[in-house]
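The residues of the chain are indexed from 1 along the displayed sequence. On a predicted model such as this, the values are computed, not experimentally measured, just so you know. Below, all heavy atoms of this structure are taken into account, side chains as well, without hydrogens, waters or symmetry copies.
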Amino acid sequence: MKKLLLLSVSFLCLSSSWAQDVKRFEVEFPFGMTGNALNDFIGFSMGCEARLNSQKSPVDVGLQVSAAGTIGETFGYEPGALIWGGLVSSRVYVDYNFHQQHDDAFFAGVGVGVADFMQDYYPDTRKHTLRPVLAPRVGGEFYHHLRFTMECQLLPSAPNFFLISVGVVLGGGLKKN
């Protein structure tokens, strides 16, 4: 663990010499498709992320609040059958940006936070489970205002959610000289 911490600090110190010419603050509104290991259904996701772009390194920090859900069929269930699974979560992300000064920049990051995993059972039972969440993600930002993201939200003792989203970014972009 100490070696990993030392390596991380060394990497951040080294990367701080690479100045970014990007604006300091941006907001993203991601929309996408989601699924989980609980069932075979595909669902929806939407959220909002506020990001602070570092001026001294290619590392960004953001806070995201999102909702994701999978919906099953609305008929044909016996009492006790699961008809809906959802996740409302908030996470703090740290992203590393590759080639931030180009129109097509790729990133990899990880988020840590808390999630409320909800399950609705037929006919009228709802179960909430509050869990910590770890969310690794990769993606690309195109022309500094369109962002594609693939993410996995890992929850202990609950189904893991995957997410593929397209986000519209307001603010951000390159600084004007």
Side-chain angles (χ1 to χ4, degrees), residues 4 7-37 40-71 85-117 132-155 159-177:
L4 182 60
L7 182 64
S8 299
V9 169
S10 300
F11 180 72
L12 286 175
C13 290
L14 176 66
S15 66
S16 68
S17 64
W18 304 322
Q20 295 190 96
D21 292 327
V22 294
K23 295 179 184 172
R24 186 97 170 124
F25 185 75
E26 63 188 12
V27 176
E28 177 187 358
F29 298 97
F31 299 94
M33 293 182 353
T34 187
N36 66 31
D40 296 331
F41 302 120
I42 299 295
F44 65 91
S45 69
M46 61 183 188
C48 180
E49 180 175 347
R51 239 183 333 272
L52 196 59
N53 298 321
S54 172
Q55 302 299 295
K56 304 231 180 226
S57 72
V59 176
D60 299 339
V61 177
L63 174 65
Q64 185 179 87
V65 176
S66 66
T70 58
I71 300 172
L87 187 73
V88 175
S89 60
S90 61
R91 298 165 309 282
V92 174
Y93 279 99
V94 176
D95 290 333
Y96 182 85
N97 298 289
F98 301 92
H99 308 292
Q100 182 85 17
Q101 288 77 19
H102 296 95
D103 285 339
D104 301 332
F106 296 94
F107 65 90
V110 66
V112 177
V114 67
D116 179 15
F117 178 63
V133 62
L134 177 69
R137 69 180 181 178
V138 295
E141 189 171 304
F142 302 98
Y143 300 102
H144 303 286
H145 297 290
L146 186 62
R147 197 167 157 115
F148 292 96
T149 305
M150 291 182 295
E151 175 180 322
C152 184
Q153 295 187 19
L154 307 172
L155 296 107
N160 298 326
F161 277 71
F162 68 87
L163 169 72
I164 299 173
S165 68
V166 176
V168 176
V169 179
L170 304 175
L174 296 177
K175 286 183 179 177
K176 301 205 191 288
N177 293 329

Asker: Considering all heavy atoms of both residues, which atom of Val133 and which atom of Leu155 are nearest to each other, and what is their separation?
Answerer: CG2-CG, 4.2 Å
Asker: Test side chain to side chain contact (heavy atoms under 4.5 Å, CB included) on Val65 and Ser90; report intermediate values, then the result.
Answerer: CA-CA 4 Å; Val65 176; Ser90 61; 4.1 Å; yes
Asker: Where is the tightest heavy-atom contact between Phe106 and Gly140, given as atom of each residue plus distance?
Answerer: CD2-CA, 3.8 Å
Asker: Grab the two heavy atoms, one from Cys48 and one from Pro30, that are nearest each other, plus how far apart they are.
Answerer: N-CD, 4.0 Å
Asker: Once you round to the nearest 0.5 Å, how far does CZ of Arg137 lie from CD1 of Ile164?
Answerer: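 With rounding to 0.5 Å, CZ (Arg137) is 14.5 Å from CD1 (Ile164).
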Asker: Please examine the side chains of Ser66 and Gln153, heavy atoms only from C-beta on, and report whether any two atoms are closer than 4.5 Å.
Answerer: yes
Asker: Nearest 0.5 Å please: distance from the OG atom of Ser45 over to the CG atom of Leu87.
Answerer: 10.5 Å
Asker: Check the pair Val112 / Leu134 against side chain to side chain contact (heavy atoms under 4.5 Å, CB included), numbers first and verdict last.
Answerer: CA-CA 5 Å; Val112 177; Leu134 177 69; 4.0 Å; yes
Asker: So, for Cys152 and Leu154, which heavy atoms are closest and what is the spacing to 0.1 Å?
Answerer: SG-CD2, 3.3 Å
Asker: Return the minimal non-hydrogen interatomic distance between Gly109 and Asp95, and the atom names on each side.
Answerer: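 That closest heavy-atom pairing would be CA-OD1, 3.3 Å.
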Asker: Could you tell me the separation between the CG atom of Asp60 and the CZ atom of Phe25, rounded to the nearest 0.5 Å?
Answerer: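 Here the interatomic distance stands at 12.0 Å.
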Asker: Walk me through it: do Glu28 and Glu26 pass the test side chain to side chain contact (heavy atoms under 4.5 Å, CB included)?
Answerer: CA-CA 7 Å; Glu28 177 187 358; Glu26 63 188 12; over 6 Å; no
Asker: Run the ring-centre check on Phe31 versus Phe29 and record whether the distance is less than 6.0 Å.
Answerer: no
Asker: As an exercise, state the distance from CZ of Arg51 to CG of Leu63, rounded to the nearest 0.5 Å.
Answerer: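 One gets 11.5 Å once the value is rounded to the nearest 0.5 Å.
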Asker: So how far is it from Thr149 OG1 to Glu141 CD, rounded to the nearest 0.5 Å?
Answerer: 9.0 Å
Asker: When you check the gap from the basic side-chain N to the acidic O, do Arg147 and Glu49 get nearer than 4.0 Å?
Answerer: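 Not counted as a salt bridge, because no side-chain N and carboxylate O are separated by less than 4.0 Å.
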Asker: Where the side chain of Thr34 meets the backbone of Phe162, is there a donor-acceptor pair that is under 3.5 Å apart?
Answerer: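 Yes, the answer is positive, given that a donor and an acceptor are paired below the 3.5 Å cut-off.
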Asker: Of the non-hydrogen atoms in Phe142 and Phe148, which two are nearest, and what is the gap between them?
Answerer: CE1-CD1, 3.2 Å
Asker: Has the side chain of Asp116 got a donor or acceptor atom that lies under 3.5 Å from a matching backbone atom of Val88?
Answerer: no
Asker: Taking atom CZ of Arg24 and atom OG of Ser54, what is their separation to the nearest 0.5 Å?
Answerer: 6.5 Å
